[in-house]
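What follows is a single structure, written as structure tokens, with notes after it.
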Amino acid sequence: MSTVISKPEIATSKTNAPKTRTQAYVELTKMRITVMVLLTFACMAFLAALVSGTPISIGVLACGLLGMTLIASSGNAMNMYLERYSDFRMPRTANRPLPAQTLTSTEVVTFVSISLGIGLAVLFAGVNWQTGVCGVLNWILYVYVYTPLKRVTPLNTEIGAVAGAMPVIMGSLATTKTVGLLGWSFFAVLFLWQFPHFFAIAWKYRDQYKMGGLKMLTVTDPSGRQAGVKSVIAGVALIVASLAPIYQIDGRVQAILFAIVAAAIGIWYLIPAIRFCRDRNDQSAKKLLHASLLYLPIYMMILVIAFVL
């Protein structure tokens, strides 16, 4: 049975809708998310090879990045397809290609199929079967588990955080075919980092998520208390997880310096999480979101420096 949306319920504004079909296809990829996927994949691929002493193949790395780009783009586009009716009702998403009618459902599904097929072929043929299998599982987890659960339970955030951290595992598999302590610790960091980040966004758009019928934690608990508590717990656990790589850093001085800086930025990220838990207002959520956007690139930078020096 098809879903019918009456005009008053549609939040679409043509003003900010994609102006060309090319722009619409680019928007399907959710490029900001895709770029973050590529950065975490590349960072872990490099570090895993460095720690294990495995020579880095430029060809394998290039295939890995291309395959990840296509698979991430496919998953993001399919997410937009599955949530097209919710997107109609939320101002922040009403100008996406499907609500704005810049692209048809058939065109989006075709884009999803082609990018997924080519992306998986590149990973299986140009990288290795381990990375390819992980790519399949991650796509399924994001598209057919996380996305539908957003309409069912606030636990969707936990599932989404697993999918969001999987590129780290894939990066390690791409260059070494294994996942060591460093890979799992970075996976834990990326998994935990997402909770304060997502809850800050969920608080900011809680009314819109409610309009769209999405069961985010800030919708099922409008007080924001649970989101705040989870943000703090994740922030504390993040500090612990971020220190795990010191056991694989060769130089004592480098290990100590890394531990100091990692703990410092972890505490710096935890402080706005605590304030958000205490105040639960738009201002505290905004500051937490800004901190989250800075924490991850800084952590990756000091992680690379610690192992390179």
Side-chain angles (χ1 to χ4, degrees), residues 18 23-45 63-87 90 92-93 96-99 102-127 129-152 155-174 187 190-191 193-194 197-198 201-202 209 212 214 216 296:
Q23 289 174 324
Y25 277 112
V26 171
E27 188 174 350
L28 284 180
T29 68
K30 295 185 181 180
M31 190 53 64
R32 291 181 183 178
I33 295 176
T34 299
V35 168
M36 186 58 70
V37 166
L38 297 180
L39 286 175
T40 54
F41 173 88
C43 180
M44 192 63 242
C63 286
L65 290 171
L66 175 59
M68 291 297 295
T69 299
L70 292 169
I71 292 173
S73 297
S74 172
N76 290 329
M78 192 63 183
N79 172 269
M80 286 193 187
Y81 173 78
L82 294 175
E83 294 189 337
R84 60 197 185 280
Y85 295 116
S86 297
D87 287 346
M90 298 188 293
R92 68 182 291 260
T93 56
R96 285 177 173 174
L98 283 170
T102 312
L103 297 174
T104 66
S105 294
T106 300
E107 288 171 329
V108 172
V109 172
T110 300
F111 173 84
V112 167
S113 302
I114 293 174
S115 55
L116 178 62
I118 296 176
L120 290 176
V122 170
L123 288 186
F124 275 103
V127 184
W129 67 266
Q130 293 95 329
T131 309
V133 168
C134 208
V136 173
L137 295 176
N138 194 35
W139 192 89
I140 293 173
L141 183 64
Y142 179 70
V143 171
Y144 287 117
V145 181
Y146 164 67
T147 299
L149 281 180
K150 289 169 73 175
R151 304 188 68 85
V152 178
L155 292 176
N156 66 76
T157 302
E158 281 76 359
I159 303 299
V162 173
M166 282 294 287
V168 169
I169 303 301
M170 296 174 70
S172 182
L173 291 173
F187 173 88
L190 191 52
F191 173 79
W193 165 82
Q194 294 175 80
H197 174 76
F198 286 157
I201 295 174
Y209 283 129
L214 302 181
M216 309 309 290
L296 192 58

Q. When rounded to the nearest 0.5 angstrom, what distance separates CG in Leu155 from OH in Tyr146?
A. 12.5 Å
**Q.** Donor + acceptor pair across side chains of Thr147, Asn79 (<3.5 Å)
**A.** yes
Q: First locate atom OG1 of Thr29, then atom CG of Leu70, and finally report the distance between them rounded to the nearest 0.5 Å.
A: 10.5 Å
Q) With a 4.5 Å limit on heavy-atom distance, are the side chains of Leu38 and Thr69 in contact? A) yes
(Q) Does any part of the side chain of Met90, heavy atoms only, come nearer than 4.5 Å to the side chain of Arg96, both counted from C-beta? (A) no
Q.
Any carboxylate oxygen within less than 4.0 angstrom of a Lys/Arg side-chain nitrogen, looking at Glu83 and Arg151?
A. no
Q: Using a 4.5 Å cut-off on heavy atoms from C-beta on, say whether the side chain of Met166 contacts that of Phe187.
A: yes
Q) To the nearest 0.5 Å, how far apart are CE in Met80 and CG in Asp87? A) 7.5 Å
**Q.** For the student: nearest non-hydrogen atoms of Gly212 and Ser86, plus distance
**A.** O-OG, 3.1 Å
Q. Roughly how far, to the nearest 0.5 Å, is CG of Leu66 from CD1 of Ile71?
A. 9.5 Å
Q: Kindly give the heavy-atom pair with the smallest separation between Glu158 and Phe191, and that separation in Å.
A: O-CE1, 3.7 Å
Q. Pick one: which of Val112, Val108, Ile114 meets side-chain contact (heavy atoms from CB on, under 4.5 Å) with Thr110?
A. Ile114
Q. Atom CG of Asn76 and atom CE of Met31: how far apart are they, to the nearest 0.5 Å?
A. 9.0 Å
Q) What's the spacing between Glu107 CD and Leu28 CG if we round to 0.5 Å? A) 9.5 Å
Q | Of Leu141, Leu123, Leu120, the residue whose pairing with Val136 passes side-chain contact (heavy atoms from CB on, under 4.5 Å) | A | Leu120
Q.
Can you give me the closest heavy-atom contact between Pro99 and Thr93, atom names plus distance?
A. CG-O, 3.8 Å
